[in-house]
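Below: one structure, written as C-alpha cells.
Each residue takes its place number in the sequence, starting with 1. Because the structure is predicted, anything quoted here is derived from the model rather than measured.
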Amino acid sequence: MISQKIFSILCAILVWIIGVSFFLLSFYVPILENLEQQSNIVLVIAIIPSACLGTYLFYTKSYMKPSALAITFIIVATILDVLITVPVFIIPNGGSYSEFFGAPMFYTIIVEFYFIVLYFGNYLTKRIKA
C-alpha cells in the first residue's frame, strides 16, 4: 500500500503536469496580443478542474486534512516550477527565476490553488463522513 504522503505528492505532480500543459498549449493558440497574459488567464481557469481532479483522486484512496493536502500540492508545484518549469520553459524564452517568482500572478495562482483544494477537500471529506 502506498503511503498517504507519497500519494499526495503523486496527485500534486499530476495537477502540476495538467496545469503546465495548459499553460504551454495556450502559447500555440494566440487569442490575445499578450501571450504571457493569455497563458496566465488559461492557467487560472485550468487550475480549477485540475486541482479538483487531484483532490478527488487523493480522497478516493487516502485521507489527509484538506489544508495539509493544499499545502502539499503548493509545495510540490513550487518545487517542480523551480526544477523544471523555469529552467526548461521560462529561461530559454528570456525569463528568469526572479521574474517568474516575483510576478504577482504567481502568488494569485497559489492562493487560488490553495483555496480550491481546501474547499473541495472539505466538501469531499464531509460527504464521505455523511
Side-chain angles (χ1 to χ4, degrees):
M1 173 97 192
I2 190 167
S3 79
Q4 71 180 18
K5 290 179 183 178
I6 292 173
F7 190 55
S8 67
I9 291 169
L10 291 174
C11 290
I13 291 170
L14 174 68
V15 172
W16 176 82
I17 289 170
I18 294 169
V20 169
S21 297
F22 275 101
F23 180 81
L24 295 174
L25 286 173
S26 70
F27 283 101
Y28 294 104
V29 183
I31 297 170
L32 302 177
E33 284 184 33
N34 186 341
L35 289 178
E36 185 178 331
Q37 182 181 21
Q38 174 182 307
S39 62
N40 283 329
I41 291 169
V42 167
L43 182 58
V44 164
I45 294 167
I47 202 72
I48 297 168
S50 303
C52 289
L53 174 65
T55 305
Y56 176 78
L57 290 175
F58 177 79
Y59 283 113
T60 59
K61 303 281 185 198
S62 194
Y63 178 80
M64 180 185 285
K65 282 185 174 181
S67 58
L69 183 65
I71 292 295
T72 302
F73 277 22
I74 289 170
I75 290 170
V76 169
T78 303
I79 290 169
L80 290 171
D81 283 343
V82 167
L83 297 175
I84 299 171
T85 307
V86 175
V88 174
F89 303 115
I90 304 300
I91 291 176
N93 291 314
S96 66
Y97 279 99
S98 59
E99 267 182 40
F100 185 83
F101 290 106
M105 198 58 163
F106 176 77
Y107 298 99
T108 304
I109 291 168
I110 285 179
V111 169
E112 176 195 18
F113 193 20
Y114 177 82
F115 282 112
I116 290 167
V117 174
L118 180 68
Y119 175 78
F120 196 57
N122 280 325
Y123 171 77
L124 291 174
T125 55
K126 287 179 183 173
R127 201 178 93 199
I128 291 170
K129 288 179 185 177

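- In this structure, CD1 on Ile13 lies 9.5 Å from OG on Ser8, to the nearest 0.5 angstrom.
- In this structure, the separation between OG on Ser96 and CD1 on Ile91 is 7.0 Å, given to the nearest 0.5 Å.
- Follow the hydrophobic side-chain contacts under 4.5 Å out from Val82 and you reach Leu80 in the same cluster.
- Tracing side-chain contacts under 4.5 Å through hydrophobic residues (I, L, V, M, F, W, Y), one never reaches Leu43 starting from Leu32; they form parts of separate clusters.
- Note on Ile9: it clusters hydrophobically with Leu83, by side-chain heavy-atom contacts below 4.5 Å among ILVMFWY residues.
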Show me the side-chain donor-acceptor pairs of residues 17-29 shorter than 3.5 Å, one per line, residues at least two apart or across chains.
residue, atom, partner, partner atom, Å
Ser21, OG, Ile17, O, 2.7
Ser26, OG, Phe23, O, 2.6

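- Note that OG of Ser67 is 8.0 Å distant from CG of Asn122, once rounded to the nearest 0.5 Å.
- The side chain to side chain donor-acceptor pair (under 3.5 Å) pairs that include a residue from residues 29-45 number zero, where partners must be two or more places apart or lie in different chains.
- Listed for the Tyr59 side chain is no donor-acceptor partner under 3.5 Å among the backbone atoms of Gly121.
- Note that the CG atom of Leu14 and the CZ atom of Phe58 stand 13.5 Å from one another [nearest 0.5 Å].
- Of all the heavy atoms in Met64 and Gln4, the pair that sits closest is CE-O, 4.1 Å.
- A continuous path of ILVMFWY side-chain contacts below 4.5 Å connects Ile6 to Val76, so both sit in one hydrophobic cluster.
- In this view, Tyr56 and Thr60, Phe120, Leu124 satisfy the side chain to side chain contact (heavy atoms under 4.5 Å, CB included) rule, not counting sequence neighbours.
- We find the CG-CD1 distance between Leu53 and Ile48 to be 14.0 Å, quoted to the nearest 0.5 Å.
- Lys5 pairs by the side chain to side chain contact (heavy atoms under 4.5 Å, CB included) definition with Ser3, not counting sequence neighbours.
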Taking distance alone, no hydrogens or angles, what donor-acceptor pairs closer than 3.5 Å link side-chain atoms of residues 100-117 to residues at least two apart or in another chain?
residue, atom, partner, partner atom, Å
Tyr107, OH, Phe101, O, 2.5
Thr108, OG1, Pro104, O, 2.9

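- The side chain to side chain donor-acceptor pair (under 3.5 Å) check on Asp81 picks up Trp16, Thr85, with sequence neighbours excluded.
- Taking OH of Tyr123 as the start and CG of Leu118 as the end, the distance is 15.5 Å to the nearest 0.5 Å.
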